[in-house]
Amino acid sequence: MPVEEFVAGWVSGALGLVLGHPFDTVKVRLQTQSTYRGIIDCMVKTYRRESVLGFFKGMSFPIASIAVVNSVLFGVYSNALLLLTATSHHERRLQPPSYMHIFIAGCAGGFLQTYCLAPFDLIKVRLQNQTEPRAGRGSPPPRYRGPVHCAASILQEEGPRGLFRGAWALTLRDTPTLGIYFVTYEWLCRQSTPEGQNPSSTTVLVAGGFAGIASWVTATPLDVVKSRMQMAGLGQREYQGLLDCMVSSARQEGLGVFFRGLTINSARAFPVNAVIFLSYEYLLHAWG
């Protein structure tokens, strides 16, 4: 099984994570807290209360973990395409796979990555939702002192199953969404590239950016449900399951609640995924 795709996925995932994490923090807070009037209000309050460091809460853990999850996504995707089409990454411009094969391989990557992602994403969301300013003399300490303490606390208070809160919503979010993600990227690359040639850097950037937007437009409703289920019980309602979370949220806040964070998701998705695909394609080309 080729390993280059896994390594390239890890590196590109780490770069995208550093670029997109501040936007992700704002998105998570908008989805799980009702104290903000919008994106700007959330950004201003976060900066005033927690300084610029507040936007980077929970990032150290994803650098070592969620970047690895991106490695799983791209590695599984590429190797699933290899099984379906018997063509390697470097041969696919001469023998383009069908969009159905791309969609199936993307869904396979999305499905398998959720098993790795669920605990890491939960810890990230819990840390991002800590709005306390940095500990000072006389100020109450935050609930979690860091990612390891967060994981240990969840295990102690909620058991091993607690680390997988929202995992079902995450699976439903990522499985079809990542199929759409790779199909969009490939379709845009093919529209702008002569047959048999590799896409230019500009084409990869634009295609990767729009693929990110397309995937987040699809994913945002279940992303809201996922984030709420991950925060359940911590000063918020405890949900009986995914359907209960959806019905309760819609009743209390209207259908618009499922599109919270869509604007910032889309704004973040373009540069983050443009960088991810450009670095991924560059590394595979360099190693080829």
Side-chain angles (χ1 to χ4, degrees), residues 1-25 27 55-56 58-82 87-93 96-97 102 105-106 108-110 112-114 116-117 120-121 124 174 177-193 197-216 219 264-288:
M1 177 181 290
V3 297
E4 292 92 345
E5 288 87 353
F6 287 94
V7 178
W10 188 91
V11 174
S12 61
L15 290 172
L17 181 68
V18 172
L19 181 63
H21 193 83
F23 300 99
D24 187 62
T25 298
K27 180 264 296 185
F55 295 101
F56 292 91
M59 192 182 79
S60 61
F61 197 49
I63 284 290
S65 56
I66 294 179
V68 175
V69 173
N70 202 71
S71 166
V72 172
L73 169 62
F74 277 86
V76 170
Y77 166 74
S78 190
N79 283 282
L81 263 187
L82 180 61
T87 56
S88 69
H89 180 84
H90 301 290
E91 299 168 330
R92 286 175 199 146
R93 295 304 167 196
I102 293 169
L112 289 175
Q113 80 151 8
T114 58
C116 306
L117 177 61
F120 301 139
D121 190 64
K124 174 186 74 71
D174 283 358
T177 294
L178 288 163
I180 294 168
Y181 178 65
F182 285 108
V183 166
T184 304
Y185 172 73
E186 282 294 330
W187 182 80
L188 288 170
C189 282
R190 291 181 193 181
Q191 296 306 304
S192 308
T193 306
Q197 295 186 21
N198 290 319
S200 66
S201 297
T202 301
T203 297
V204 170
L205 281 169
V206 173
F210 278 110
I213 291 175
S215 65
W216 273 112
I264 197 165
N265 267 341
S266 300
R268 177 190 64 151
F270 192 95
V272 167
N273 289 281
V275 166
I276 285 175
F277 271 108
L278 183 65
S279 54
Y280 177 76
E281 295 281 4
Y282 174 81
L283 288 171
L284 288 183
H285 180 73
W287 293 333

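Both backbone and side-chain heavy atoms feed into the values below; hydrogens, waters and symmetry mates do not.
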Taking every non-hydrogen atom, the tightest pair across Pro199 and Val204: CG-CG2, 3.8 Å
Quick one: CD on Glu4 to OH on Tyr280, what's the gap to the nearest 0.5 Å? 9.5 Å
Leu17 side chain reached by Asn70 side chain, heavy atoms, under 4.5 Å: no
Nearest non-hydrogen partners of Pro97 and Leu81, listed with the distance: CB-CD2, 4.0 Å
The criterion is ring-ring contact (aromatic ring centres under 6.0 Å, His included); which residues satisfy it with Phe23, sequence neighbours excluded? none
Could you list all the salt bridge (charged side-chain N to carboxylate O under 4.0 Å, His left out) pairs where at least one residue sits in residues 73-82, not counting sequence neighbours? none
Val272: side-chain contact (heavy atoms from CB on, under 4.5 Å) partners, not counting sequence neighbours: Leu19, Arg268, Ile276
Ser215: which residues meet the side-chain hydrogen bond (donor to acceptor under 3.5 Å, both in side chains) condition with it, sequence neighbours left out? none
Donor-acceptor list for residues 177-184 side chains, cut-off 3.5 Å, not counting sequence neighbours:
residue	atom	partner	partner atom	Å
Thr177	OG1	Arg173	O	2.5
Tyr181	OH	Asn273	OD1	2.6
Thr184	OG1	Ile180	O	2.7

Can you check whether Gly20's main-chain N or O pairs, donor with acceptor, with Asp24's side chain at less than 3.5 Å? no
Apply the test side chain to side chain contact (heavy atoms under 4.5 Å, CB included) to residues Phe277 and Cys189: give CA-CA distance (whole Å), side-chain angles for both, the deciding distance (0.1 Å), then the verdict. CA-CA 11 Å; Phe277 271 108; Cys189 282; over 6 Å; no
Which pairs pass salt bridge (charged side-chain N to carboxylate O under 4.0 Å, His left out) with one or both residues in residues 12-22, sequence neighbours excluded? none
Hey, are the side chains of Pro22 and Phe56 touching, using non-hydrogen atoms and a 4.5 Å cut-off? yes
Taking atom CG of Asn265 and atom NZ of Lys27, what is their separation to the nearest 0.5 Å? 5.5 Å
OH of Tyr77 to CG of Leu82, rounded to nearest 0.5 Å, is 12.0 Å
Name all residues meeting the salt bridge (Lys or Arg N to Asp or Glu O under 4.0 Å) criterion together with Glu186; count only those two or more places apart in sequence or in a different chain, and write none if there are none. Arg93, Arg190
What residues, two or more places apart in sequence or in another chain, satisfy side-chain hydrogen bond (donor to acceptor under 3.5 Å, both in side chains) together with Tyr185? Glu281
Taking ring-ring contact (aromatic ring centres under 6.0 Å, His included) as the test, write out the residues that go with Phe270, two or more places apart. Phe210
Partners passing side-chain hydrogen bond (donor to acceptor under 3.5 Å, both in side chains) against Thr193 (at least two apart in sequence or in another chain): none
Just one of Asp121, Val72, Leu73 clears the side-chain contact (heavy atoms from CB on, under 4.5 Å) bar with Cys116, so which one? Val72
Could you pull out the closest heavy-atom pair between Gly9 and Ser12, with the gap in Å? O-OG, 3.1 Å
Using the side-chain hydrogen bond (donor to acceptor under 3.5 Å, both in side chains) criterion, which residues pair with Ser200? Sequence neighbours excluded. Thr203
In this structure, are over 12 heavy atoms from other groups packed under 6.0 Å from Tyr282 atom OH? no
Which heavy-atom pair separates Trp216 from Ala269 by the least distance, and what is that distance? CD1-CB, 3.6 Å
Can you sort out the partners of Ser266 under side-chain contact (heavy atoms from CB on, under 4.5 Å), two or more places apart, ordered by chain and number? Ile213, Val217, Leu262
I need the minimum non-hydrogen distance between Leu205 and Leu278, along with the two atoms involved. CD2-CD2, 3.7 Å
